[in-house]
Amino acid sequence: MCRVLKVSRSGFYKWSSSTASKRVQERARLDALIRSTFEHHKHRSGSYKITEALRKKGEKVHRSYIAKRMREMDLRSKVKRKFKVTTDSKHKEPVAKNLLNRRFDQ
């Protein structure tokens with residue numbers, strides 16, 4: 001396998017026995033926090049709210065880094081539009097008479 005991949009045998013064994021760097025470990029820990037916060041907020045929070053939630057927990061994070069990690073984890077917030085009333089019941093126009101009066105067999 002080392003011959004096919006063109007790496008030395010000692011380099012392969014050093015790589016296979018090494019542990020993850022501190023940066024990789026910290027990124028994995030932060031990713032878990034981001035995902036749990038995102039799920040706790042029912043997938044409705046974006047990077048702004050998640051950053052604030054993590055800061056309240058005592059994490060020193062920047063919003064742009066949280067946004068980058070969310071993009072890489074493919075986490076997108078669900079945007080819910082505000083309910084807008086489209087019926088105007090208080091108009092001055094004439095209202096048609098109720099001829100059926102809920103009797104639909106006529």
Side-chain angles (χ1 to χ4, degrees):
M1 186 168 75
C2 290
R3 206 174 313 126
V4 173
L5 297 176
K6 296 181 181 176
V7 294
S8 66
R9 194 177 288 181
S10 62
F12 169 75
Y13 282 113
K14 183 177 180 183
W15 172 80
S16 66
S17 64
S18 66
T19 59
S21 67
K22 287 182 181 181
R23 184 175 296 208
V24 171
Q25 291 173 356
E26 179 64 21
R27 185 179 300 147
R29 184 187 72 79
L30 190 60
D31 285 352
L33 281 174
I34 291 170
R35 188 175 299 277
S36 67
T37 306
F38 185 72
E39 290 173 359
H40 175 74
H41 290 194
K42 299 178 183 175
H43 303 230
R44 290 194 178 105
S45 294
S47 60
Y48 286 100
K49 287 187 180 180
I50 290 181
T51 302
E52 289 303 314
L54 292 178
R55 284 180 181 164
K56 285 181 183 177
K57 289 181 181 180
E59 297 291 326
K60 292 182 98 177
V61 291
H62 196 272
R63 190 206 57 85
S64 62
Y65 185 70
I66 298 297
K68 176 183 172 185
R69 297 304 308 150
M70 286 180 70
R71 273 194 307 273
E72 289 179 4
M73 291 189 291
D74 201 29
L75 300 178
R76 288 183 170 75
S77 63
K78 297 178 187 174
V79 178
K80 186 167 180 161
R81 294 179 187 253
K82 186 176 178 182
F83 178 76
K84 183 176 182 181
V85 177
T86 59
T87 306
D88 180 19
S89 299
K90 298 178 183 177
H91 54 78
K92 304 227 188 290
E93 302 295 323
V95 179
K97 291 183 181 178
N98 186 1
L99 298 176
L100 288 177
N101 200 20
R102 307 268 314 156
R103 292 189 314 238
F104 297 108
D105 54 350
Q106 289 184 350

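Quick caveat: nothing in here was measured; it's all calculated off a predicted structure.
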Test of understanding: with side chain to side chain donor-acceptor pair (under 3.5 Å), list the residues that count as partners of [X], not counting sequence neighbours.
| X | answer |
| --- | --- |
| Ser47 | Arg63 |
| Ser16 | none |
| His40 | none |
| Gln25 | none |

If you draw a 6.0 Å radius around NZ in Lys56, do more than 12 non-hydrogen atoms from other residues or ligands fall strictly inside?
no

Shared-cluster residues of [X], by chain and number - hydrophobic side chains joined below 4.5 Å:
| X | result |
| --- | --- |
| Val61 | Leu30, Leu33, Ile34, Phe38, Ile50, Leu54, Tyr65, Ile66, Met70, Met73, Leu75 |
| Val95 | none |
| Phe12 | Met1, Leu5, Val7, Tyr13, Trp15 |

Set of side-chain contact (heavy atoms from CB on, under 4.5 Å) partners for Ser21, sequence neighbours left out:
Arg23, Val24

State which residues pass side-chain contact (heavy atoms from CB on, under 4.5 Å) with Val4; sequence neighbours excluded, sorted by chain then number.
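side-chain contact (heavy atoms from CB on, under 4.5 Å) check on Val4 returns nothing, list empty.
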
Determine whether Glu59 and Arg29 make a side-chain contact, defined as any pair of heavy atoms from C-beta on separated by less than 4.5 Å.
yes

What residue pairs, at least two apart or across chains, pass salt bridge (Lys or Arg N to Asp or Glu O under 4.0 Å) with a residue in residues 40-52?
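For residues 40-52: Glu52-Arg55.
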
Per the salt bridge (Lys or Arg N to Asp or Glu O under 4.0 Å) rule, what does the pair list look like for residues 86-101, sequence neighbours excluded?
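Of all non-adjacent pairs touching residues 86-101, none passes salt bridge (Lys or Arg N to Asp or Glu O under 4.0 Å).
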
Test: side-chain hydrogen bond (donor to acceptor under 3.5 Å, both in side chains). Region: residues 69-81. Which pairs qualify, not counting sequence neighbours?
Asp31-Arg69, Arg69-Glu72, Asp74-Arg76

